[in-house]
**Student:** 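Mind looking over this structure? Questions follow.
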Amino acid sequence: MANSVVRIDKRDGKLAMAHFYVAFAALFIGGLAGLLQTLVRSGKYTLPAGIGYYQLLTVHGVLLGLVLTTFFIIGFLFSSLSKTAGTLSSKRRLAGWIGFWTMAIGTTSTATTILLGEASVLYTFYAPLQAHPFFYIGLALVVVGSWISGFAMFTHFGQWKKQNPGQVTPLLSFMAIMTMILWLVATLGVAASVLIQFIPWSFGWIETIDVLITRTLFWYFGHPLVYFWLLPAYMAWYVIIPKIIGGKIFSDALARLSFVLFLLFSIPVGFHHQLTEPGIDPNWKYLQVVLTFMVIIPSLMTAFSLFATFELYGRSKGAKGLFGWFRMLPWGDARFLAPFIGMLFFIPGGAGGIINASFQMNQVIHNTIWVTGHFHLTVAATVILTFFGIAYWLIPHLTGRVMTKAMNRLAVIQTIVWTIGMTFMSAAMHFAGLLGAPRRSAFSTYGDSAQAMEWVPYQIAQAIGGSILFIGIILIVIIFINLAFFAPKGETEFPVGEVSEEAEKTPMLLENWKLWVGVLLVLIFIAYSIPFVDMIQNAPPGAKPFKHIL
Ligand code: HAS
């Protein structure tokens, strides 16, 4: 237990903190863009200084969906490895810094093109919308930087394995590596489309682009991207939360198995974002829908495991009845409350995902603002609240400070504010989506048809939710700055849970990386090879660039 309080190496801490500074700056600017967007959609506000709606939407999506998440996650993964697999060697730390700066330069390049109005192509940058070449070059640099950091993590983990032959690896490190492998395999798709298609096309070296292939490569990346966001939250749920509440990890083997299943099934499912697209045989879409239903299983296992942890802890404290354990949980501790509310949000968020994935129901919600509601529940509530919960102990741990009672109270208020804001906003988005309100459209494009008028109350509710959320962003930025620079000096625990004595022994099969990566490659081959050949053989004439949207 004393080990938990031992601070991770200061130099590793600095590397992680560099990532968090960028992440929280992105949160502030991206959140501001989000607020303005909801105000524009309400129809009651017009953007000043010639700022375009899609420019704003691109700032919001890229900064929050790509920059905040990637930087936060890599900082968290480095910290977790340093804590559980030992201090990084100086070469690996240097690789981490090179990765960080490569990503930072890439982010600056991409952000500059967006702010100059040269890249209003949204975070999915669908062709034939065309951005400035430096938008794509920046994205490529972010990916390459993350790979450099990833390789530093892989070799660090490999060294632990070499020094501890035959032993089960530390759970948190295992999960960090699994997350990074998922990211590496997923980003191959986006790297290929940016390097082979978008960059040559945006420089004018090739005249046309294949729309379906670029979209397919994007979604080959885009769905595992969402699990790249989710898995670090699951790391906290499985390993950190049990320690915070004073309980035990229900089962090490079950936690590892769920991560293995995520690796296998999160990649060959990208077609479920393309169910309405022509050019892909419905049988292949059907196969990927089946695989999508497979990727729901590890989340259900996670829910089961968490219920078990909470219940076992509660009963050990004398709780009686079906839900007696509920009262035993540490509700006043923001490190617990924020991730727990994240879990609650994931119940409707996950149910919505199952609706989206159901071939026929997808026809009702596709391209409506329902989808935006879905991902605000999943990433902007479940994942982000968990990241906030992590920040409440990790930032002071890294900076050698402590969170005061007053800051904890502010963090509890922040969690409540976020919960209210997100409930308003995402519920309104789901209802408006069912009434057919499109996603990604400025109010001015709706016209004043009777149908558009039905959406108005929901747009206003979204604006109210968005404004409440912006208060939440101001609060979290205050807390972050306090924990990074002003909180009292002291020791903060890095809480790493222990596995319950009653859990079964972890089978070594779960550590067989060659096997799992091999199965993953076979699944990707089955799900994508024939449809891809089909797309190339039957490609329609390429598309010329389209630069101007409202
Ligand atoms: Fe999704 C679209 C299907 C999960 C994010 N998704 C999106 C987009 C994003 C996104 C960003 O099949 C939009 C992309 C774009 O711009 O176009 N999604 C799913 C499915 C799941 C799912 C089946 N999505 C996520 C997660 C995301 C995310 C996670 C981010 C982090 N999604 C889709 C589909 C589309 C889509 C289609 C395309 C729609 C279209 O047409 O465009 C599943 O993984 C969900 C499984 C989850 C569960 C919930 C388990 C619950 C747990 C909590 C337990 C609570 C406890 C506390 C223990 C089954 C683990 C309880 C305590 C008490 C006291 C009660």
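For ligands, and for the atoms within them, numbers begin at 1 and follow the listed sequence. Side-chain atoms are counted along with the backbone in the values below, which use heavy atoms only and exclude waters and symmetry mates.
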**Student:** Students often mix this up, so state it plainly: with edges at 30° and 60°, are the rings of Phe388 and Trp418 parallel, tilted or perpendicular?
**Tutor:**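 Aromatic pair Phe388/Trp418 classed perpendicular.
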**Student:** Distance-only, no hydrogens or angles: does the Tyr313 side chain make a donor-acceptor pair with backbone N or O of Ile245 under 3.5 Å?
**Tutor:**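 Yes, because the side chain of Tyr313 sits within donor-acceptor range (under 3.5 Å) of the backbone of Ile245.
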**Student:** Short N/O distance, under 3.5 Å, between Asn367 and ligand 1?
**Tutor:**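 Not met; the criterion fails.
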**Student:** Going by heavy atoms, is Trp219 under 4.0 Å from ligand 1?
**Tutor:**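 True for this residue.
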**Student:** For the side chain of Asn356 and the backbone of Asn362, is there at least one donor-acceptor N/O pair under 3.5 Å apart?
**Tutor:**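 A pair under 3.5 Å: no.
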**Student:** Return a yes/no value for Trp325: is any of its N or O atoms, backbone included, closer than 3.5 angstrom to an N or O of ligand 1?
**Tutor:**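 No.
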**Student:** Counting from 1, what ligand 1 atoms have a heavy atom of Ala357 closer than 4.0 Å?
**Tutor:**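 Close to Ala357: 12 (O), 37 (C).
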**Student:** Starting from atom 61 (C) of ligand 1, find the nearest protein heavy-atom neighbour and note its residue, name and distance.
**Tutor:**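 Here the nearest protein heavy atom works out to Phe307 CZ, 3.5 Å.
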**Student:** Quick one: nearest non-hydrogen protein atom to atom 31 (C) of ligand 1, plus distance?
**Tutor:**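 Among all protein heavy atoms, the one nearest atom 31 (C) of ligand 1 is Val226 O, 3.5 Å.
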**Student:** Would you say the side chains of Glu504 and Ser251 form a donor-acceptor pair under 3.5 Å?
**Tutor:**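 Per modelled atom types, Glu504 and Ser251 side chains form no pair under 3.5 Å.
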**Student:** Between Val383 and ligand 1, which part of the residue brings a heavy atom under 4.0 Å of the ligand: side chain, backbone, both or neither?
**Tutor:**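 It is the side chain that gets close, since no backbone atom is under 4.0 Å.
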**Student:** If you take the nearest heavy atom of each of Gly353, Ser258, Gly270, which one is closest to atom 23 (C) of ligand 1?
**Tutor:**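 Checking each option, the heavy atom nearest atom 23 (C) of ligand 1 is found in Gly353.
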**Student:** Is it true that Phe228 lies under 4.0 Å from ligand 1, counting heavy atoms only?
**Tutor:**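 Judged by the 4.0 Å heavy-atom criterion, Phe228 does not count as contacting ligand 1.
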**Student:** Measure from the side-chain N and O atoms of Gln414 to the backbone N and O of Gly472, and report whether any donor-acceptor pair falls under 3.5 Å.
**Tutor:**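 Here the side-chain-to-backbone pair exists.
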**Student:** Below the 3.5 angstrom mark, is there an N/O of Thr292, backbone or side chain, next to an N/O of ligand 1?
**Tutor:**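 So ligand 1 has no N or O lying under 3.5 Å from an N or O of Thr292.
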**Student:** Where does Phe293 meet ligand 1, judged by heavy-atom distances below 4.0 Å: at the side chain, the backbone, both, or neither?
**Tutor:**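 No part of Phe293 comes within reach of ligand 1.
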**Student:** Could you point out which residue of Phe310, Trp237, Phe250 forms a ring-ring contact (aromatic ring centres under 6.0 Å, His included) with Phe304?
**Tutor:**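 Testing Phe304 for a ring-ring contact (aromatic ring centres under 6.0 Å, His included) against Phe310, Trp237, Phe250 leaves exactly one candidate, Phe250.
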**Student:** Which ligand 1 atoms, with their elements, are less than 4.0 angstrom from a heavy-atom of Tyr234?
**Tutor:**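 Under 4.0 Å from Tyr234, ligand 1 has these atoms: 60 (C).
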**Student:** Which residue supplies the protein heavy atom nearest to atom 58 (C) of ligand 1, what is that atom called, and how far is it?
**Tutor:**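 Protein heavy atom at minimum distance: Leu306 CB, 3.7 Å.
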**Student:** Any idea which atoms of ligand 1 are less than 4.0 Å away from a heavy-atom of Gly350?
**Tutor:**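 Near Gly350, the atoms of ligand 1 are 45 (C), 47 (C), 48 (C), 49 (C).
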**Student:** When you measure from atom 13 (C) of ligand 1 to each heavy atom in Phe310, Phe304, Phe265, Phe375, which option holds the nearest one?
**Tutor:**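 Minimum heavy-atom distance to atom 13 (C) of ligand 1 goes to Phe375.
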**Student:** In terms of relative ring orientation, are Phe221 and Phe218 parallel, tilted or perpendicular, with 30° and 60° separating the classes?
**Tutor:**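 Perpendicular.
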**Student:** Is the closest N or O pair between Tyr123 and ligand 1 shorter than 3.5 Å?
**Tutor:**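 By distance alone, the answer is yes.
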**Student:** Output yes when a side-chain donor or acceptor of His374 lies under 3.5 Å from a complementary backbone atom of Gly349, and no otherwise.
**Tutor:**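 Yes.
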**Student:** Could you list the atoms of ligand 1 found under 4.0 angstrom from a heavy atom of Phe346?
**Tutor:**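 Under 4.0 Å from Phe346, ligand 1 has these atoms: 29 (C), 47 (C), 49 (C), 50 (C), 51 (C), 52 (C), 60 (C).
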**Student:** Could you walk me through whether Met301 and Leu254 pass side chain to side chain contact (heavy atoms under 4.5 Å, CB included), step by step?
**Tutor:** CA-CA 8 Å; Met301 286 163 57; Leu254 189 133; 4.2 Å; yes
**Student:** Using a 4.0 Å cut-off to any heavy atom of Trp229, which atoms of ligand 1 qualify?
**Tutor:**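 Near Trp229, the atoms of ligand 1 are 11 (C), 30 (C), 31 (C).
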**Student:** Identify, by atom number and element, the atoms of ligand 1 in contact range of Leu300, meaning under 4.0 Å from any of its heavy atoms.
**Tutor:**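 Listed by number with element: 59 (C).
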**Student:** Where's the contact between Thr382 and ligand 1, heavy-atom distance under 4.0 Å: side chain, backbone, both or neither?
**Tutor:**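 No part of Thr382 is near ligand 1 at this cut-off.
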**Student:** Which option out of Asn356, Val371, Leu230 puts a heavy atom nearest to atom 34 (C) of ligand 1?
**Tutor:**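 When every heavy atom of Asn356, Val371, Leu230 is considered, Asn356 comes closest to atom 34 (C) of ligand 1.
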**Student:** If we ignore hydrogens and angles and just use 3.5 Å, is the side chain of Trp331 paired with the main-chain N or O of Met328 as donor and acceptor?
**Tutor:**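 Such a contact is absent between Trp331 side chain and Met328 backbone.
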**Student:** What is the closest protein heavy atom to atom 28 (C) of ligand 1, and at what distance does it sit?
**Tutor:**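 Result: Thr378 OG1, 3.4 Å.
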**Student:** Sub-3.5 Å donor-acceptor pair from the side chain of Tyr227 to the main-chain atoms of Thr179, do we have one?
**Tutor:**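 Checked: no pair found.
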**Student:** Check each atom of ligand 1 against the heavy atoms of Ile296 and keep those under 4.0 Å away; list them by number with element.
**Tutor:**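 Within the 4.0 Å cut-off of Ile296, ligand 1 contributes 59 (C).
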**Student:** Taking NZ, NE, NH1 and NH2 as the nitrogens, is one of them in Arg256 or Asp252 under 4.0 Å from a carboxylate oxygen of the other?
**Tutor:**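 Counted as a salt bridge, because a side-chain N and a carboxylate O are separated by less than 4.0 Å.
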**Student:** If we ignore angles and hydrogens, is there a donor and acceptor under 3.5 Å between the side chains of Ser258 and Tyr234?
**Tutor:**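 No pair is found: no donor N or O on one side chain lies under 3.5 Å from an acceptor on the other.
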**Student:** Using only N, O or S atoms, tell me which atom of His374 is closest to atom 1 (Fe) of ligand 1.
**Tutor:**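 Per the distance ranking, His374 contributes NE2 as its closest N/O/S atom to atom 1 (Fe) of ligand 1.
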**Student:** For atom 62 (C) of ligand 1, what is the closest protein heavy atom, and at what distance to 0.1 Å?
**Tutor:**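 Among all protein heavy atoms, the one nearest atom 62 (C) of ligand 1 is Phe340 CZ, 3.5 Å.
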**Student:** Can we say Glu502 and Lys248 salt-bridge, meaning some charged N sits less than 4.0 Å from an Asp/Glu carboxylate O?
**Tutor:**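 Judged by the 4.0 Å cut-off on N to carboxylate O distance, Glu502 and Lys248 do not form a salt bridge.
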**Student:** Say whether Phe323 and ligand 1 are in contact under the criterion: heavy-atom distance to a ligand atom below 4.0 Å.
**Tutor:**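 Heavy atoms of Phe323 never come under 4.0 Å of ligand 1.
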**Student:** For Phe326, is at least one N or O under 3.5 Å away from an N or O on ligand 1?
**Tutor:**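 Not met; the criterion fails.
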**Student:** Looking only at protein heavy atoms, which one is nearest to atom 38 (C) of ligand 1, and what is the separation?
**Tutor:**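 Answer, as residue, atom name and distance: His273 ND1, 3.6 Å.
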**Student:** Under 6.0 Å between ring centres, would you say that holds for Phe20 and Phe71?
**Tutor:**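 Centroid distance Phe20-Phe71: not below 6.0 Å, so no.
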**Student:** At what distance is the nearest protein heavy atom to atom 56 (C) of ligand 1, and which residue and atom is it?
**Tutor:**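 Heavy-atom neighbour on the protein nearest atom 56 (C) of ligand 1: Met343 CB, 3.8 Å.
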**Student:** Could you tell me whether the side chain of Lys285 and the main chain of Glu277 form a donor-acceptor pair under 3.5 Å?
**Tutor:**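 Flag set: sc Lys285 to bb Glu277 pair under 3.5 Å.
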**Student:** Using a heavy-atom cut-off of under 4.0 Å, does the side chain or the backbone of Arg439 touch ligand 1, or both, or neither?
**Tutor:**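 Near ligand 1, Arg439 shows its side chain, while the N, CA, C and O stay back.
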**Student:** Decide whether Trp284 and Asp534 meet the rule of one side-chain donor and one side-chain acceptor closer than 3.5 Å.
**Tutor:**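 No.
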**Student:** Determine yes or no for a side-chain-to-main-chain donor-acceptor pair under 3.5 angstrom, with Glu118 supplying the side chain and Ala131 the backbone.
**Tutor:**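 No.
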**Student:** Residue-level breakdown please: for Phe262 versus ligand 1, do any non-hydrogen atoms fall below 4.0 Å on the side chain, on the backbone, on both, or on neither?
**Tutor:**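 Neither part.
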**Student:** Identify the closest protein heavy atom to atom 39 (C) of ligand 1: which residue and atom is it, and at what distance?
**Tutor:**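 Residue, atom and distance for the closest contact: Asn362 ND2, 3.8 Å.
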**Student:** Which option wins on minimum heavy-atom distance to atom 41 (O) of ligand 1: His366, Gln288, His223, His272?
**Tutor:**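 Of the listed residues, His366 has the closest heavy atom.
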**Student:** Answer yes or no: is there a donor N or O on one side and an acceptor on the other, between the side chain of Thr382 and the main chain of Gly342, under 3.5 Å?
**Tutor:**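 Confirmed, Thr382 side chain pairs with Gly342 backbone.
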